[in-house]
Amino acid sequence: MTEETQLVIMLRNDASGFLEKEYAAIPLAEVGEFEPLLVNVFAAQRDGGTYIHMKLSTGQDVSDWQYNAVYDYYDAEVFTGVVMSVGEVDDVFNPTWELVFEAGSDGAAELAAKVRDLLEIHSRELADTFEAIAEVESEYTNEQ
């Protein structure tokens with residue numbers, strides 16, 4: 001019998017900041033080719049609900065000019081109506097965004113589908129962003 005690798009979502013205690021127990025486990029195969037885009041994910045309970053915090057990045061190292069250009073051209077509004085909030089994370093090496101959404105009560109399969117859907121949206125927006133910034137490199141590198 002082979003063990004399937006799991007993406008484990010831990011429940012964080014908001015008061016202490018520590019990850020205390022497993023909230024859900026998603027088969028890594030559900031994340032598929034998008035795994036490099038996923039920095040981390042955890043759950044937090046507050047105000048009577050459970051919220052998933054998922055940090056997504058570029059899946060690759062970017063140069064200095066690309067760092068700024070990616071943030072300028074990435075349209076976080078692609079998540080409007082899909083997540084509660086999207087915020088830029090500025091204390092990391094590569095452009096990173098934190099998405100927050102309600103976990104819901106539909107179980108692990110539905111949570112896995114939501115995570116995959118968000119990763120797909122992010123992947124498409126990243127592809128569009130990298131295509132757009134390729135045409136404006138000189139604006140960011142002062143090559144006129």
### Message
Quick one, Val41 with Val115, criterion side-chain contact (heavy atoms from CB on, under 4.5 Å). Give me CA distance, side-chain angles, the key distance, then yes/no.
### Response
CA-CA 10 Å; Val41 60; Val115 167; 5.6 Å; no

#### Entry: Evaluation steps, side-chain contact (heavy atoms from CB on, under 4.5 Å), between Glu22 and Leu11
CA-CA 6 Å; Glu22 182 178 320; Leu11 185 61; over 6 Å; no

### Task
Kindly determine whether Phe101 and Val82 satisfy side-chain contact (heavy atoms from CB on, under 4.5 Å), including the steps that lead there.
CA-CA 8 Å; Phe101 59 95; Val82 183; over 6 Å; no

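His122 contributes a side-chain N or O that, together with a main-chain N or O of Ser57, makes up a donor-acceptor pair within less than 3.5 Å. Listed for the Gln66 side chain is a donor-acceptor partner under 3.5 Å among the backbone atoms of Ser63. In this structure a side-chain-to-backbone donor-acceptor pair under 3.5 Å is present from Arg116 to Val31.
Listed here is the closest heavy atom pair of Pro27 and Gln6: N-OE1, 3.6 Å. For the pair Asn13 and Glu20, the tightest heavy-atom approach, listed with the atom from each and the gap, is ND2-OE2, 2.9 Å. The nearest pair of heavy atoms linking Trp97 to Val89 is C-CG2, 4.1 Å.
Residues Glu77 and Thr80 have side chains that never bring a donor and an acceptor to within less than 3.5 angstrom of each other. A donor and an acceptor atom, one from each side chain of Tyr74 and Asp128, are nowhere located under 3.5 Å apart.
The cluster map of Ile, Leu, Val, Met, Phe, Trp and Tyr, joined by side-chain heavy atoms under 4.5 Å apart, puts Phe42 and Val8 in the same cluster. Residue Met10 is not grouped with residue Leu99 when hydrophobic side chains (ILVMFWY) are merged at heavy-atom distances under 4.5 angstrom, including chains of intermediate members. Transitive grouping of hydrophobic side chains (ILVMFWY, heavy atoms separated by less than 4.5 Å) brings Tyr67 and Trp65 into a common cluster. In the hydrophobic cluster analysis, where Ile, Leu, Val, Met, Phe, Trp and Tyr join through side-chain heavy atoms closer than 4.5 angstrom, Leu37 is grouped together with Tyr73. Phe34 and Leu28 fall within the same hydrophobic cluster, defined by Ile, Leu, Val, Met, Phe, Trp and Tyr side-chain heavy atoms under 4.5 Å apart, directly or through other members.
Val83 pairs in a side chain to side chain contact (heavy atoms under 4.5 Å, CB included) with only one of the listed residues (Leu118, Ile121, Ile52, Val78), which is Leu118. In summary, of the residues considered (Leu119, Leu126, Thr96), a side chain to side chain contact (heavy atoms under 4.5 Å, CB included) with Leu56 occurs for Leu119 alone.
Classification of Lys114 and Glu110 as a salt-bridged pair fails, no side-chain N sitting under 4.0 Å from a carboxylate O.
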